[in-house]
Amino acid sequence: MTTSVKKTVLPPSLVSNLQEVLMSRKGSDEDEPELAVPSSDAVGGVVDSGSGCAKPVVLVTNAEGIDAPGLASLVDALVREGRCSVHVCAPQSDRSVSGHSMTLHETLTASAAEISGATAFEVSGTPADCVSLALSGALFSWSKPSLVISGINRGSSCGHQIFCSGAVAGAREALISGVPSLSITLNWKKDGSSESEFKDAVNVCLPLVNSAIRDAEKGVFPKSCSLNIEIPSAPSSNKGFKVTRQSLWRSSHSWQAVSANRHPSAGHFMSNQQSLGIQLAQLSRDASAAGAARRLNTQRKNVEVESVGVAGKNDTERVKKFFRLEFVDQDQVDVDEDLDFRAVESGFISVTPLFLSSTVEVETQTSASNWITNTISADE
């Protein structure tokens, strides 16, 4: 198969900065090799590997932050396989349960990150922010990778959880932009799972990932859908892949009142991993809220809400109540084995096509299911 590669222009600001660096090095570092300007041959998700062999570009993001073990295991495997050029654009801190929220009217910071074998940036935003920025052409020298993978994240993205899942949002943002995408989660058990299981999770889903990369390049990856992959706990003992449907499963929401003397101060409330910019932005939002101010505790996936009384009163006159939200798993009565959560509970790797429209044509759904089934059968 012949892949045509067109020329594109790098962002002018990037070219200007690189030229300045090159000029400043000349004369002062004559004996040192010159910096290479990134190739502008990265178009349509293909870059030159340096050996004359074009490789598809794969963008990796996640919801738990760039230092999360799931992302590290996935990127390491993709780099080791050598089938694609790996680029990473992920949140600099844990943004799980952020849904498809995006950052407006605030400046985001994208900082280069060290990940062996990959070009990586950490961004002070949400997963949707990261994918949108990466696909804009402002950050990388390409604007459309062959595939976007969001994960591997811990937790569940089955059922109604997809609406608050940052991992699914990253894949959905790619789908909105017309780029094939996967979201991958590991059904993490708080008292039973270990970080070593992320490597097992990568190993069991890698054949499907490689098929997606290959078929996305060929243009035969399912159109108009993203694939949501959920891996059961103890991945190495899974029962195989299963094409599933999105269920109505959801965690139960438990709101607990918190006494005022237990309410953390603003200084202790902010995550130490968040940047100063995010902290200032959060404080600004809190200060301007006349009603309720919501705060996210990223490590425990808890939300605290401060209920404020009448606006305009002194702090000593305001009635304040504090609450903490916790997600509690609940038993499900639906016994349909083709539903996502039921397949995962039974030990299968659930693969669910997700669509942007709730009124998807049967033809589109069938096409997506057939691709998954054929790919799974070929890999077995």
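Numbers for residues simply follow the sequence, beginning at 1.
- Side-chain contact check for Thr375 and Ser211: no donor-acceptor pair (N or O, by modelled atom type) lies under 3.5 Å.
- The shortest side-chain heavy-atom distance between Val58 and Ile149 falls under the 4.5 Å cut-off.
- Closest of all the heavy-atom pairs between Trp188 and Glu195 is CH2-N, 3.7 Å.
- A donor-acceptor contact closer than 3.5 angstrom links the side chains of Glu217 and Ser146.
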Which atom pairs, donor and acceptor, lie under 3.5 Å between side-chain atoms of residues 111-121 and protein residues at least two apart or in another chain?
none

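- Using a distance-only test at 3.5 Å, with no hydrogens or angles considered, a donor-acceptor pair links the side chain of Lys55 to the main chain of Gly82.
- Nearest approach of Ala167 to Ser150, heavy atoms of both residues: O-OG, 2.7 Å.
- When all heavy atoms are compared, the tightest approach of Thr61 to Pro91 is OG1-CD, 4.1 Å.
- Cluster membership check: Ile376 shares its hydrophobic cluster with Val209, using side-chain heavy-atom separations under 4.5 Å among Ile, Leu, Val, Met, Phe, Trp and Tyr.
- Residues Leu206 and Asn210 are in side-chain contact: their nearest non-hydrogen atoms beyond the backbone lie under 4.5 Å apart.
- Residue pairs satisfying the side chain to side chain donor-acceptor pair (under 3.5 Å) criterion with at least one member in residues 224-233, sequence neighbours excluded, are listed as follows: Ser156-Glu230, Ser157-Asn228, Ser157-Glu230, Ser181-Ser226, Ser183-Asn228, Thr185-Glu230.
- Side-chain contact between Met102 and Ser132: present, with at least one pair of heavy atoms (C-beta onward) separated by less than 4.5 Å.
- Looking only at side-chain heavy atoms (C-beta outward), Cys89 and Val123 come within less than 4.5 Å of each other.
- Of all heavy-atom pairs between Ala169 and Gly99, the closest is CB-O, 3.1 Å.
- Looking at Asp129 and Thr126, their side chains do bring a donor and an acceptor atom within 3.5 Å of each other.
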